[in-house]
2 protein chains.
Amino acid sequence: MAKQNTVFKEAFNRCLDILAGSDTLPSEPELGARLGVSRTTIRSILARLEEIGLLTWDKRTKVVLRKPVPGDFFPDDETDSLAEIIERSFMRRILAGGAQPGMQINELELARDIGTGTTSVREFLIRFSRFGLIEKRPNSHWVLKGFTREFALELTEVREMFELRSAAAFAHLPEDHPAWQELDAIEAVHRAILADIDIRYGEFSELDERFHLLVQKASKNRFIIDFYDIIAIVFHYHYQWNKANARTRNANALAEHLVYIDALRSRDPQKIEAACRAHLKSARETLLQSIN
Amino acid sequence: MAKQNTVFKEAFNRCLDILAGSDTLPSEPELGARLGVSRTTIRSILARLEEIGLLTWDKRTKVVLRKPVPGDFFPDDETDSLAEIIERSFMRRILAGGAQPGMQINELELARDIGTGTTSVREFLIRFSRFGLIEKRPNSHWVLKGFTREFALELTEVREMFELRSAAAFAHLPEDHPAWQELDAIEAVHRAILADIDIRYGEFSELDERFHLLVQKASKNRFIIDFYDIIAIVFHYHYQWNKANARTRNANALAEHLVYIDALRSRDPQKIEAACRAHLKSARETLLQSIN
DNA sequence: ATTTTGTCTTTTATCGACAATAGACAGATC
DNA sequence: GATCTGTCTATTGTCGATAAAAGACAAAAT
């Protein structure tokens with residue numbers, strides 16, 4: 001098959017959620033805007049909703065016939081885009097499975113392993129190469145440089161440079177900049193998780209990304225903001241496969257974030273720098289510990 | 001056709017240069033190492049050399065029959081890899097041709113324009129996207145963000161951060177590190193070009209890249225070094241299509257480099273920082289002038 | 001005992017094809 | 001007059017196929 005209809009399936013599932021809370025559905029363009037897909041996809045969704053008896057659809061009238069049941073949803077593993085599947089498989093191989101630095105990466109083998117065409121794997125590797133973990137030998141294979149101590153140190157060196165600058169810039173955002181509200185919202189989630197840390201510590205990973213990305217955005221520099229992708233992906237998989245002491249680690253990081261947030265609000269450069277440095281230092285140590 | 005044999009043609013041309021200065025050719029593996037290609041390609045080259053009567057080839061004996069003439073070489077436009085062709089076409093479109101920021105980029109149209117398949121264009125765009133000049137809308141087109149003033153400012157901001165750090169690190173390289181010799185060699189070329197500036201000012205572009213890359217390498221950080229690719233490509237095309245006052249600009253930059261080199265050799269952090277800042281400042285201004 | 005060559009297999013780079021998805025436009029509906 | 005729908009076209013994402021190039025291995029030559 002040429003293309004998996006994962007966009008359709010994923011949007012369909014989200015549409016079931018909308019449908020669950022309403023007796024009727026809005027116009028095609030509005031649905032499209034809400035789900036972030038084109039009208040073509042919306043019409044496929046509506047057609048299927050009608051087909052499985054969830055909806056009567058005639059032009060503008062879209063009447064919900066019954067609430068969706070679990071069986072109406074497409075299974076989760078059919079809604080992931082190919083790029084996501086490839087990324088996960090690949091990261092599992094190189095982060096979780098003990099892949100040696102210097103190892104050759106074979107496009108064809110990877111593709112067969114994942115059950116996909118070579119083109120998609122190739123494009124993934126090209127995209128992924130900017131993370132500095134692999135390198136191409138032209139007309140030949142890719143080389144795995146590995147998730148090594150050096151990698152982590154180089155990564156965090158740049159991260160610290162960038163984040164210190166972004167944090168300093170944050171203090172100069174105008175009073176009415178939406179970032180301040182977002183900061184309030186993020187703080188609230190921090191407190192909520194901390195209050196219920198034994199249960200909710202797993203939510204930290206996502207919150208961490210949200211917070212740091214907000215800070216980096218204050219730099220208004222695309223290179224600094226884009227670089228955060230690398231941090232995010234490394235930490236994302238790092239959290240996912242390295243759960244030792246997760247509760248304690250995350251509780252500490254949450255506390256550090258709160259100090260950091262407080263410093264940002266104070267707009268005091270010294271206070272910001274100190275809080276930022278302190279947090280980045282412990283983040284680096286956490287990362288390094290997971291390597292050796 | 002599935003693949004152009006540009007590797008063969010390009011290596012063949014370089015082999016003619018080797019052949020011009022010798023009566024015989026070395027072993028296949030050695031030739032391969034010298035030209036940076038596999039033995040398979042070497043054997044194709046040898047076969048063709050024999051075919052056009054430049055060589056008798058029987059196992060180890062490879063006797064040159066005559067000197068190559070211009071007609072023996074493959075034409076230049078057949079030796080560029082597809083990736084190079086695509087890059088040039090694309091850069092001409094967006095830097096030379098007045099492409100508007102926000103413009104959509106169409107893979108199919110680009111491919112037809114360049115006379116190539118869509119896959120290659122696609123892969124190029126993915127690779128190129130890390131330069132921050134284009135952005136992908138998933139399942140839809142690419143958007144040209146444009147070579148704008150903001151782009152130049154964001155680029156130079158990071159460049160300055162990185163280069164100041166690299167320059168500082170340079171001072172700490174051990175006495176016997178090869179970088180010091182390379183620095184001497186680079187300085188010598190500077191002086192040679194300056195002594196003959198009216199004729200040789202065009203050689204500055206390449207030298208500039210060589211010098212700054214050497215400095216960045218002192219950081220020993222792959223992200224810093226890789227970032228220099230972006231600088232290099234931007235300045236490369238910038239020099240190529242913006243020749244106004246090139247002689248004066250390059251003469252100034254050469255002089256600044258000499259001060260900078262001298263500072264590096266002194267290992268005095270303050271002197272280094274001052275020289276580095278001064279040069280980066282004027283480099284930034286030069287770049288900005290070419291935009292508005 | 002290396003190094004070189006002959007032969008064969010594997011892998012990459014590139015193409016064209018096709019389903020999924022986006023998007024354009026005119027006519028219909030509020 | 002604005003928004004919505006029906007219909008049609010254009011573009012992207014993915015695949016399998018194929019020539020170019022890399023590379024493995026054993027036999028041959030130094």
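Not measured: the values here are computed from a predicted model. Order of the sequence lines fixes the chain letters, A, B, ..., with proteins taken first and strands second; residue numbering starts at 1 for each chain.
A:T116 comes within 4.0 angstrom of the backbone, heavy atoms only, and of no base. At the heavy-atom level, A:I105 lies under 4.0 Å from the strands shown only through sugar-phosphate atoms. At the heavy-atom level, A:K136 lies under 4.0 Å from the strands shown only through sugar-phosphate atoms. Counting any heavy atom pair closer than 4.0 Å across all strands shown, B:S120 reaches sugar-phosphate atoms only and no base atom. Contacts of B:T6 with the nucleic acid, taken as non-hydrogen atoms under 4.0 Å apart, involve only primed sugar atoms and P, OP1 or OP2. Among the protein residues, B:E30 comes within range of no part of the nucleic acid, since none of its heavy atoms lies under 4.0 Å from any strand. A:T40 comes within 4.0 angstrom of a base, heavy atoms only.
Between the CZ atom of A:F8 and the P atom of C:dA19 there is a distance of 17 Å, given to the nearest Å. Put simply, CD on A:Q104 is 15 Å from P on C:dT10, counting in whole angstrom units. Residue B:H141 contributes atom NE2, which lies 13 Å from atom C1' of C:dA24 at whole-angstrom precision. Taking atom CD of residue A:E123 and atom C1' of nucleotide D:dG13, one finds them 8 Å apart after rounding to whole Å. As rounded to whole Å, 12 Å separates atom P of C:dT21 from atom CD1 of A:I42. Taking atom CD of B:E107 as the reference point, atom P of C:dT21 lies 16 Å away to the nearest angstrom. Look at CZ on B:R43: it is 16 Å from P on D:dG23, rounded to the nearest Å. A:E87 has its CD atom 17 Å from the C1' atom of D:dG13, to the nearest Å.
Which of D:dT14, D:dA22, D:dC4 sits closest to the side chain of B:T41 comes down to D:dA22. Set against D:dG6, D:dA20, C:dT12, the side chain of B:N5 has D:dA20 as its closest nucleotide. Each of C:dC30, C:dA13, D:dT7 was ranked by its minimum atom distance to the side chain of A:R60; first place goes to C:dC30. Comparing C:dT21, C:dG23, C:dT7 against the side chain of B:S140 picks out C:dG23 as the nearest. The A:V37 side chain lies nearest to C:dA22 when the options are C:dT5, D:dA21, C:dA22. Closest approach to the B:R112 side chain among C:dG6, D:dT11, D:dT5 is made by D:dT11 (side chain taken as heavy atoms from C-beta onward). Picking from C:dG6, D:dT5, D:dT14 the nucleotide with the shortest atom distance to the side chain of B:W57 gives C:dG6. Distance from the side chain of A:A2 is smallest to D:dT14 among D:dT7, C:dT4, D:dT14. For B:N106, whose side chain is taken as the heavy atoms from C-beta onward, the closest listed nucleotide among D:dT11, D:dT30, D:dA21 is D:dT11. For A:L108, the listed nucleotide lying nearest its side chain is C:dT11; candidates were D:dT30, C:dT11, C:dT14.
Checked against the 6.0 Å centroid criterion, the rings of A:F162 and A:F223 do not qualify as a close aromatic pair.
Here A:E30 does not pair with A:K62 in a salt bridge; the nearest charged N to carboxylate O distance is not below 4.0 Å. By the 4.0 Å N-to-carboxylate-O rule, A:R210 lies close enough to A:E182 to be salt-bridged with it. A salt bridge links B:R14 with B:E10: at least one charged nitrogen is closer than 4.0 Å to a carboxylate oxygen.
Two residues, B:R127 and B:S27, neighbour DNA chain C, and the one matched to the more 5' nucleotide by heavy-atom proximity is B:S27. Mapping A:E109 and B:T119 onto DNA chain C via the closest heavy atom, the residue that lands nearer the 5' end is A:E109. Position along DNA chain D of the nearest nucleotide to B:W142 versus A:N139 favours B:W142 as the more 5'-ward residue.
Residue-to-nucleotide contacts include no donor-acceptor pair under 3.5 Å from the side chain of A:K3 to the base of C:dT21. Between the base of C:dT4 and the side chain of B:K59 there is no donor-acceptor pair shorter than 3.5 Å.
Surrounding CD of B:E206 are at most 12 heavy atoms belonging to other residues, nucleotides or ligands under 6.0 Å away.
A close approach under 4.0 Å does occur between a side-chain nitrogen or oxygen of B:K62 and OP1 or OP2 of C:dT5.
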**Report entry** From CA spacing to verdict: salt bridge (Lys or Arg N to Asp or Glu O under 4.0 Å), B:R130, A:D226
**Finding:** CA-CA 9 Å; B:R130 82 189 189 84; A:D226 287 353; over 6 Å; no
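A cation-pi contact, defined as under 6.0 Å to the ring centre and within 45° of the axis, links A:R48 to A:F12.
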